[in-house]
Amino acid sequence: MSAVRALRQIAGPSRRTFAACTATRSFSRVALPAFRATATPATRSFSVSARRFGEGSSDVALSQKLAEELQYEKEANASAEPEFLKNFTAQGVWSIEDVAGNDEVAFVRKFGNETIKLIFSIADIQTAQEAQFEELEEGEEASEDEPAHSYPIRCSVSINKGDSNGALTIDAMCQDGAFVADNISFYQDAKLATELTPEADWKRRGLYIGPQFDTLDVSVQEEFEKFLTERGINDSLAVFIPEYAEYKEQKEYVSWLQNVKSFIDA
């Protein structure tokens with residue numbers, strides 16, 4: 001189970017759905033004619049080089065197309081660290097935990113006696129882009145005032161003050177340069193708030209996850225917003241997350257192209 005879904009304690013299907021369209025291929029085995037006992041006239045034998053094992057007739061064409069796409073992506077996107085990322089890391093507030101091959105990214109920082117961890121998934125990018133593409137196909141034009149990164153990215157924030165003090169988890173949406181909280185949960189067991197084991201997920205399912213944020217008194221909502229802003233969960237971070245998500249997604253796509261091409265060529 002992904003970290004974002006586990007921290008939210010929602011026992012539901014994943015937001016990202018993979019539809020595997022499988023085409024059934026029927027292979028008919030044709031009976032070979034029986035050998036005749038009669039002698040057959042001698043013929044000249046032709047030697048035909050057998051195709052290398054594991055190499056189909058479409059392998060070369062597919063490898064070439066992958067190579068073209070890979071070359072295009074490398075030329076269109078500079079390999080150097082982008083300026084927005086240099087500026088973010090130079091601030092020295094958040095450290096980025098980004099494992100190659102994983103679709104989730106974590107930002108971690110210390111604030112007094114608190115350890116704050118924000119997790120999001122780049123899977124939300126593709127889902128949102130597909131929805132925007134469908135809208136454009138239906139004839140809806142993109143607004144000129146709409147930000148470049150206007151799609152929503154779901155984030156899960158955990159605030160830990162040590163195992164004995166419990167932990168808060170905030171489920172929020174990052175969109176249009178702002179965070180919008182959905183709900184805030186409290187766990188007496190701080191480990192239960194962040195552990196990603198099946199056992200921890202099972203225990204979380206039976207716990208009260210807290211009220212919907214927008215049902216709280218307005219004054220309470222305002223104070224919670226100040227609480228989060230003071231800890232760096234602010235508009236500037238909400239602007240940075242979609243930018244980094246696109247940067248991460250692009251890196252993973254290039255890596256995917258390289259890996260798939262290497263597999264086809266093997």
Side-chain angles (χ1 to χ4, degrees), residues 1-20 22 94-128 130-131 151-175 179-216 220-221 224-225 227-228 231-233 237-238 241-242 244-245 248-249 252 256:
M1 172 168 289
S2 78
V4 174
R5 293 193 299 276
L7 290 177
R8 293 182 61 213
Q9 303 177 307
I10 294 181
S14 171
R15 289 173 59 88
R16 183 163 59 167
T17 304
F18 297 93
T22 56
W94 294 90
S95 62
I96 301 176
E97 296 180 356
D98 183 353
V99 179
N102 290 356
D103 71 352
E104 288 187 345
V105 180
F107 294 169
V108 182
R109 69 163 297 183
K110 295 288 291 184
F111 184 83
N113 66 338
E114 300 172 358
T115 300
I116 304 173
K117 189 172 188 177
L118 183 150
I119 302 175
F120 64 91
S121 172
I122 63 173
D124 288 341
I125 294 181
Q126 185 172 2
T127 302
E130 288 174 354
Y151 42 78
I153 296 181
R154 182 164 294 281
C155 302
S156 182
V157 182
S158 64
I159 302 176
N160 192 327
K161 291 189 177 183
D163 295 342
S164 60
N165 294 311
L168 281 178
T169 61
I170 299 94
D171 183 26
M173 193 71 72
C174 171
Q175 186 176 16
F179 285 101
V180 179
D182 288 339
N183 71 280
I184 298 178
S185 306
F186 175 74
Y187 296 89
Q188 294 286 353
D189 185 353
K191 291 182 178 180
L192 194 60
T194 56
E195 282 188 350
L196 306 179
T197 62
E199 293 78 10
D201 181 58
W202 177 258
K203 291 179 181 179
R204 284 192 290 265
R205 294 186 182 190
L207 297 179
Y208 175 62
I209 64 171
Q212 288 297 113
F213 187 78
D214 58 6
T215 63
L216 294 172
V220 176
Q221 294 183 42
F224 259 124
E225 289 170 356
F227 175 86
L228 295 175
R231 284 155 176 77
I233 305 169
L237 184 62
I241 286 176
Y244 190 84
K248 161 77 170 174
E249 199 277 338
E252 294 300 335
W256 178 87

Cationic N near anionic O, under 4.0 Å, Lys203 to Asp189: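 No salt bridge links Lys203 with Asp189.
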Could you list the donor-acceptor pairs under 3.5 angstrom formed between side-chain atoms of residues 108-115 and any protein atom two or more places apart in sequence or on another chain?
from: Arg109; atom 1: NH1; to: Arg231; atom 2: O; distance (Å): 3.0
from: Lys110; atom 1: NZ; to: Thr115; atom 2: OG1; distance (Å): 3.1
from: Glu114; atom 1: OE1; to: Arg231; atom 2: NE; distance (Å): 2.7
from: Glu114; atom 1: OE2; to: Arg231; atom 2: NH2; distance (Å): 3.0

Can you tell me how far the [atom1] atom of [X] sits from the [atom2] atom of [Y], to the nearest 0.5 Å?
X	Y	atom1	atom2	answer
Cys174	Arg154	SG	CZ	11.5 Å
Ile153	Met173	CD1	CE	10.0 Å
Ser156	Ile119	OG	CD1	6.0 Å
Ile233	Ile170	CD1	CD1	6.0 Å
Asn165	Ile159	CG	CD1	13.0 Å
Leu168	Ser185	CG	OG	8.5 Å

Is there a side chain to side chain contact (heavy atoms under 4.5 Å, CB included) between Trp94 and Ile116? Walk through the geometry before answering. CA-CA 9 Å; Trp94 294 90; Ile116 304 173; 3.9 Å; yes
Check: [Y] and [X] side chains under 4.5 Å, non-hydrogen atoms:
X	Y	value
Val99	Val105	no
Phe213	Val180	no
Leu192	Arg204	yes
Ile241	Cys155	yes

The criterion is side chain to side chain donor-acceptor pair (under 3.5 Å); which residues satisfy it with Asp98, sequence neighbours excluded?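 Result, side chain to side chain donor-acceptor pair (under 3.5 Å) vs Asp98: Tyr244, Lys248.
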Taking only residues two or more places apart in sequence, or in another chain, which ones meet Glu225 in a side chain to side chain donor-acceptor pair (under 3.5 Å)?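 Not a single residue meets the side chain to side chain donor-acceptor pair (under 3.5 Å) criterion with Glu225.
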With distance as the sole test, does [X] use its side chain to make a donor-acceptor pair with the main-chain N or O of [Y] at under 3.5 Å?
X	Y	answer
Asn102	Glu104	no
Glu252	Gly101	yes
Asn183	Ile209	yes

Modelled atom types, side-chain donor and acceptor of Asp171 and Thr169, under 3.5 Å: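 No, because no side-chain N or O of Asp171 sits under 3.5 Å from a partner of the opposite role on Thr169.
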Report yes if the distance between the aromatic ring centroids of Phe107 and Phe120 is under 6.0 Å, otherwise no.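 Phe107 vs Phe120: aromatic centres under 6.0 Å.
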May I ask you to check whether over 12 heavy atoms, not counting those of Gln221, lie within 6.0 Å of atom CD?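 For Gln221, atom CD is crowded (more than 12 foreign heavy atoms under 6.0 Å).
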Considering all heavy atoms, the nearest Leu216-Pro211 contact: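 Nearest heavy atoms, Leu216 then Pro211: CD2-CG, 3.7 Å.
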How close do Phe179 and Ala172 get, counting heavy atoms only, and between which atoms?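 Smallest interatomic distance, heavy atoms only, reads CD2-CB, 4.5 Å.
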Working note: Phe224 + Ile184, criterion side chain to side chain contact (heavy atoms under 4.5 Å, CB included); need CA distance, chi angles, decisive distance, verdict. CA-CA 10 Å; Phe224 259 124; Ile184 298 178; 3.5 Å; yes
